[in-house]
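Predicted, not measured: the structure shown is a model, and the values here were computed from it. Start at 1 with the first residue, then count along the sequence.
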Amino acid sequence: MATSLHAAALAITRRLNGTGDRMRDYWTFPGFQDLYLEDSWVLGISQDTNQLTFVVDVVLRESHPFYQPPPVGEQYCYRRGRIRFEEITSLSWTGPSALPAVDAVGELDFGSFDEFEERDGAYMIAGDFGRLEIFSHEPILEFLD
């Protein structure tokens with residue numbers, strides 16, 4: 001019952017926001033279904049002519065094939081990777097709301113993802129690094145280790 005109420009509330013919210021049924025959350029993208037981006041860390045962002053890349057420590061859910069129990073003192077299983085948007089035809093980037101911090105091991109830390117979805121053909125990405133609207137091919141996740 002609670003699940004159907006949640007789904008109904010989400011559908012109403014999407015209609016009120018003008019997104020209708022043309023919104024997709026990140027876990028519906030190929031390769032993203034077993035991730036938890038809300039607690040993943042953005043370590044770097046780079047942009048080339050028609051490509052944008054996020055370097056991330058991504059949280060793997062237990063259902064992910066690379067999942068391992070987290071080390072002592074860690075809440076999640078993290079894996080270093082890149083999220084790439086290729087063949088960008090349009091990109092709008094506003095923000096950031098804060099400068100990157102430096103974490104305990106000396107790496108830049110741009111925070112986590114507050115929003116990561118596709119709406120009407122545009123990928124909407126937001127966090128402490130700012131807000132992006134990207135028109136491109138579907139994002140690609142690749143692991144670095």
Which atom pairs, one a donor and one an acceptor, fall under 3.5 Å between side chains of residues 53-62 and the rest of the protein, sequence neighbours left out?
{"from": "D57", "atom 1": "OD1", "to": "R80", "atom 2": "NE", "distance (Å)": "2.5"}
{"from": "D57", "atom 1": "OD1", "to": "R80", "atom 2": "NH2", "distance (Å)": "3.3"}
{"from": "D57", "atom 1": "OD2", "to": "R80", "atom 2": "NH2", "distance (Å)": "3.3"}
{"from": "R61", "atom 1": "NE", "to": "L35", "atom 2": "O", "distance (Å)": "2.9"}

Which atom pair, heavy atoms only, marks the closest approach of S112 to S40?
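Heavy atoms of S112 and S40 come nearest at CB-O, 3.0 Å.
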State, to 0.1 Å, how close T28 and D25 come at their nearest heavy-atom pair, and which atoms those are.
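Heavy atoms only, the tightest pair is OG1-O, 2.7 Å.
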If the plane angle is over 60° it's perpendicular, under 30° parallel, otherwise tilted; pick one for H64 and F66.
tilted
Set of residues satisfying salt bridge (Lys or Arg N to Asp or Glu O under 4.0 Å) with respect to R84, sequence neighbours excluded
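Per chain and number, R84 pairs via salt bridge (Lys or Arg N to Asp or Glu O under 4.0 Å) with E86, E142.
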Under the rule for salt bridge (Lys or Arg N to Asp or Glu O under 4.0 Å), what residues qualify as partners of E87, not counting sequence neighbours?
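With sequence neighbours excluded, E87 shows a salt bridge (Lys or Arg N to Asp or Glu O under 4.0 Å) to no residue whatsoever.
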So, using side chain to side chain donor-acceptor pair (under 3.5 Å) as the criterion, who are the partners of [X] when residues are at least two apart?
X   : answer
S63 : D34
Y36 : none
Q47 : none

So how far is it from S46 OG to Q51 CD, rounded to the nearest 0.5 Å?
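Output value for this atom pair is 7.5 Å.
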Rounded to the nearest 0.5 Å, the CD1 atom of I45 sits from the CZ atom of F129 at a distance of 5.5 Å
Test log, rule side-chain hydrogen bond (donor to acceptor under 3.5 Å, both in side chains), inputs E115 and Y26:
CA-CA 9 Å; E115 181 180 352; Y26 70 84; over 6 Å; no
Step-by-step side chain to side chain contact (heavy atoms under 4.5 Å, CB included) determination, L43 to F110
CA-CA 6 Å; L43 305 176; F110 291 85; 5.7 Å; no
Non-neighbouring partners of F29 that pass ring-ring contact (aromatic ring centres under 6.0 Å, His included), sequence neighbours left out
F32, Y123
Only pairs under 3.5 Å count here: list side-chain donor-acceptor contacts from residues 133-140, not counting sequence neighbours, and write none if there are none.
{"from": "E138", "atom 1": "OE2", "to": "R24", "atom 2": "NH1", "distance (Å)": "3.1"}
{"from": "E138", "atom 1": "OE2", "to": "R24", "atom 2": "NH2", "distance (Å)": "2.7"}

Listed once per pair and sorted, the side-chain hydrogen bond (donor to acceptor under 3.5 Å, both in side chains) pairs that draw on residues 66-76, sequence neighbours left out:
D39-Y76
Could you tell me whether the side chain of [Y] reaches within less than 4.5 Å of the side chain of [X], counting heavy atoms only?
X    : Y    : answer
I83  : F116 : yes
L132 : M124 : no
W93  : L52  : yes

Side-chain (D48) to main-chain (N50) donor-acceptor, under 3.5 angstrom
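Such a contact is absent between D48 side chain and N50 backbone.
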